[in-house]
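Remember, it's a predicted structure, so these values are computed and weren't measured experimentally. Each chain gets a letter, A, B and so on, in the order its sequence line appears, and its residues count up from 1.
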Amino acid sequence: MKPLPIAFAALVHQALQDAQADGSLPVFPIPELKIEPPKRPEHGDYASAVALQVQRLAGKPPMQIAEIVRAHLPDAPFLGSAEIAPPGFLNFRLDRAWLAAQVDYILTAGERVFQQEDGAGKRAQVEYVSANPTGPLSVHRIRGGVIGDTIANLLEAVGYTVTREYYYNNAGQQMNVLGASVQARYLEMLGLPNTFPENGYKGQYIRMIAATLAAIYGDSLRDAPVERFRQLASESIFYRLKSSLRRINIVHDVFFREDSLYEDGSVEETIAALRARGLAYERDGALWFKSTALGDEKDRVIVKRSGEPTYRLPDIAYHRNKLERGFDLIVNVFGADHAATAPQVLLGVKALGYDPSCVRTVIHQMVELVEGGEARRMSTRRGDFVELDELIDEVGADAVRYFMLAQSPDTAMSFDLDLARAQGDENPVYRIQSAHVRCAGILRRAAERGLSDQNADLSLLGEAELALLKKMLETPEVINRAIAEMQPQAIAIFALDLAGMFHPIYDRVRVISDQEEIPAPMAAARLRFYKAAKIVFARLLKLMGMSAPEEMERRARAEPLSAESESA
RNA sequence: GUCCCUGUAGCUCAGCGGAUAGAGCGUUGGCCUCCGAAGCCAGAGACGUGGGUUCGAUUCCCGCCAGGGACACCA
């Protein structure tokens with residue numbers, strides 16, 4: 001279904017054209033029309049400030065322009081009335097019968113309610129998480145994961161076919177350090193001489209992997225090369241990482257290995273292409289990308305003096321690969337710590353002759369984990385972190401999704417573990433989910449009592465129900481704006497607003513009551529309304545990657561989180 | 001020093017150049033013989049600062065102050 005602002009804008013646009021054609025208004029270019037729900041209900045359901053926008057172009061007072069536009073408005077089934085208000089607003093009201101009838105649209109559309117098709121036939125790729133398998137995920141990666149996955153969901157909601165992708169480096173220096181760290185712990189466990197690497201990974205999980213290896217392989221790995229440990233360790237870490245991500249409904253379609261770019265010659269080709277264009281040169285024994293030629297502040301090393309490429313080179317090759325795959329839209333979700341490199345990579349592919357204009361980069365600010373009123377710095381190397389699994393056990397998968405989503409990517413987030421714990425029963429997650437649960441409860445009770453919504457007369461719905469319905473119909477425009485601005489928190493905020501409108505209605509607008517007599521036709525209309533509301537809440541929860549429970553379960557309180565850390 | 005992000009209610013945050021700036025938590029006072037009180041009703045409470053653009057600025061631009069992040073032959 002198309003967003004209503006677009007439908008209203010079409011009417012206003014037509015009215016302006018017609019007014020210009022019959023000479024009521026002078027001819028001027030019609031600006032982009034922004035039509036949105038006003039804050040105050042007495043200003044109508046949707047409002048336009050077009051008369052104020054064009055007052056200079058039209059050379060008339062805004063009130064007069066508004067009146068001219070109103071007089072030229074074409075008919076539309078959804079248009080109830082249009083009023084003008086000082087200093088020149090045009091306030092629209094939806095047709096009440098049309099609005100009530102949207103309950104049936106929602107029921108017919110079912111779980112695809114508010115599905116849009118503008119992206120139909122287009123393919124998008126969204127890259128997120130992309131952590132190297134050297135240890136548990138940091139909270140930053142979790143945040144990026146939730147943001148990226150939700151963007152992917154939203155893109156599907158407007159018709160895109162989406163590839164969810166995870167890019168990782170399984171061959172670099174950090175992985176060797178990981179292998180050596182596990183090897184040392186393994187040998188230590190067997191009582192054999194070992195050397196723990198300088199800058200090795202000190203987390204408890206290294207010991208756990210070593211212990212697992214010892215349990216499976218006994219001492220048969222005592223003479224195995226470090227590569228073997230690297231491979232076993234990364235497999236083990238990846239296994240856990242994927243299963244943790246699955247718990248918060250993050251499942252990638254493609255895990256793209258950096259080393260595949262070496263195997264298929266992409267990295268070499270990238271170097272050759274840059275050289276061929278005179279954009280690579282050697283200095284001080286290293287190979288440089290002449291990025292200043294494309295406006296960068298300084299040139300960047302792509303192959304170190306040691307002969308190893310820097311991360312930049314495979315990153316450029318990877319983005320070239322993405323662009324080669326012909327996506328209509330590519331979304332990269334990075335943490336603020338990687339913000340500076342994103343433009344460099346795009347310069348790289350531009351240097352290769354590709355047009356990166358389909359690439360959108362979403363930079364999210366960092367997550368600060370607060371516990372006991374103190375900020376806790378997370379470090380994989382030091383072994384100080386809270387594991388995703390622990391976080392999920394503590395606050396629940398749905399709460400992890402919601403909290404990580406509900407703030408703008410631009411905002412540095414404080415994830416207060418005490419607060420997440422303390423909120424327990426009273427946080428926004430439950431507020432939204434309980435709206436769905438309550439609808440489910442009504443449907444259940446109605447079924448038990450043999451109530452039906454057949455032949456429901458939706459004109460019996462009250463203003464409060466229609467107001468909620470109107471709000472629900474804003475979903476498509478919220479989705480569009482979230483995508484256009486890459487601000488997926490909009491959907492989380494919207495869902496909470498909607499729940500906030502729902503609960504008072506649930507309280508007063510009853511289908512079943514022991515205290516008041518509810519006529520059968522009224523009960524039928526309301527029942528159908530709640531059916532529709534349930535569908536909408538389920539859709540919103542699904543878009544956010546959260547569950548839509550039929551009944552609320554009381555969750556057992558978990559023990560306080562304790563980060564593992566070790567001073568080795 | 002340069003670049004990026006952010007300063008909105010006691011706290012955590014929404015807020016698309018429009019009309020009287022919203023929510024959750026907390027707080028004050030009222031509500032449970034009804035579809036799950038994880039709830040409902042009512043109240044108190046905020047745009048860092050100085051300019052500019054505009055009919056109109058929390059929103060856009062510039063300065064200042066404050067906080068976070070980035071400025072590698074680490075990823």
Open item on the list: Expressed as a whole number of angstroms, how long is the span from A/F334:CZ to B/C71:P?
Closed with: 15 Å
Open item on the list: Tell me if the CD atom of A/E32 is crowded by more than 12 foreign heavy atoms within 6.0 Å.
Closed with: no
Open item on the list: Can you see if the side chain of A/K39 gets near the phosphate of B/G22 - specifically, an N or O under 4.0 Å from OP1 or OP2?
Closed with: no
Open item on the list: Just N and O in the side chain of A/T411: are any of them under 4.0 Å from OP1 or OP2 of B/A14?
Closed with: yes
Open item on the list: So if I take every side-chain heavy atom of A/D410 and compare against B/C74, B/A14, B/C5, which nucleotide ends up nearest?
Closed with: B/C5
Open item on the list: Once you apply a heavy-atom cut-off of 4.0 Å, does A/A412 come out as touching a base, just sugar-phosphate, or nothing?
Closed with: sugar-phosphate
TODO: Identify which nucleotide among B/A38, B/G18, B/A23 has an atom closest to any side-chain atom of A/L496, counting heavy atoms from C-beta outward.
DONE: B/A23
Open item on the list: If the threshold is 4.0 Å, N to carboxylate O, is there a salt bridge linking A/E474 and A/R481?
Closed with: no
- [ ] Using only heavy-atom distances, decide whether a donor-acceptor pair under 3.5 angstrom links the side-chain of A/Y430 to the base of B/A38.
- [x] no
- [ ] Tell me what A/S513 touches on the nucleic acid: a base, only sugar-phosphate, or nothing, going by heavy atoms under 4.0 Å.
- [x] base
Task: Proximal nucleotide (of B/A75, B/C34, B/C35) relative to the A/R445 side chain - done: B/C35
- [ ] Assess whether atom CD of A/E42 is packed by more than 12 heavy atoms of other residues, nucleotides or ligands within 6.0 Å.
- [x] yes
- [ ] Have a look at A/Q344 and say if it touches a base, only the backbone sugar-phosphate, or nothing, with a 4.0 Å heavy-atom cut-off.
- [x] nothing
Open item on the list: Mind checking if A/V50 touches a base, just sugar-phosphate, or nothing, with heavy atoms under 4.0 Å?
Closed with: nothing
Task: Residue pair A/E268 / A/Y262, side-chain donor-acceptor N/O under 3.5 Å - done: no
- [ ] Could you verify whether a donor N or O on one side chain and an acceptor N or O on the other, from A/Q433 and A/D398, lie under 3.5 Å apart?
- [x] yes
TODO: Answer yes or no for this row: A/Y506 ring on B/G39 base, centroids under 5.5 Å, planes under 30°.
DONE: no
Open item on the list: Ignoring hydrogens and geometry beyond distance, is a side-chain donor-acceptor pair present between A/D453 and A/Y530 at under 3.5 Å?
Closed with: no
- [ ] Compare the minimum distances between each of B/G17, B/C40, B/A19 and the side chain of A/R431, then state the nucleotide with the smallest one.
- [x] B/C40
- [ ] Give A/G500 one of three labels, base, sugar-phosphate or nothing, depending on what nucleic acid heavy atoms sit under 4.0 Å from its own.
- [x] nothing
- [ ] With the side chain of A/H503 defined as its heavy atoms from C-beta on, choose the nearest nucleotide among B/C74, B/G39, B/G17.
- [x] B/G39
Open item on the list: Please give the stem ranges for RNA chain B, sorted by first residue number, where a stem is three or more consecutive Watson-Crick or G-U pairs and both donor-acceptor distances are under 3.5 Å.
Closed with: B:1-7 with B:65-71, B:10-13 with B:22-25, B:27-31 with B:39-43, B:48-52 with B:60-64
Open item on the list: On RNA chain B, does the nearest nucleotide to A/A49 precede the nearest nucleotide to A/A340 from the 5' side, or the other way round? Give the residue.
Closed with: A/A49
Task: Nucleotide nearest A/Q489 when distance is taken to its side chain, options B/G15, B/G36, B/A19 - done: B/G15
Open item on the list: Checking side-chain polar atoms at under 3.5 Å, does A/N176 have a donor or acceptor matched by the opposite partner on A/R230?
Closed with: yes
TODO: For B/C74, take OP1 and OP2 only and decide whether either is under 4.0 Å from a side-chain N or O of A/K304.
DONE: yes
Task: Under 3.5 Å donor-acceptor pair, A/R510 side-chain atoms to B/C34 base atoms - done: yes
TODO: Determine whether any donor atom in the side chain of A/N91 lies under 3.5 Å from an acceptor atom in the base of B/A19, or the reverse, and answer yes or no.
DONE: yes
- [ ] Indicate, with a heavy-atom threshold strictly under 4.0 Å, whether A/T341 touches base, sugar-phosphate, or nothing.
- [x] base
Task: Carboxylate-amine/guanidinium contact A/D296 A/K290, below 4.0 Å - done: no
- [ ] Indicate, with a heavy-atom threshold strictly under 4.0 Å, whether A/A492 touches base, sugar-phosphate, or nothing.
- [x] nothing
Open item on the list: Counting the atoms with a prime plus P, OP1 and OP2 as sugar-phosphate, which does A/L52 contact under 4.0 Å by heavy atoms, base, sugar-phosphate, or nothing?
Closed with: base
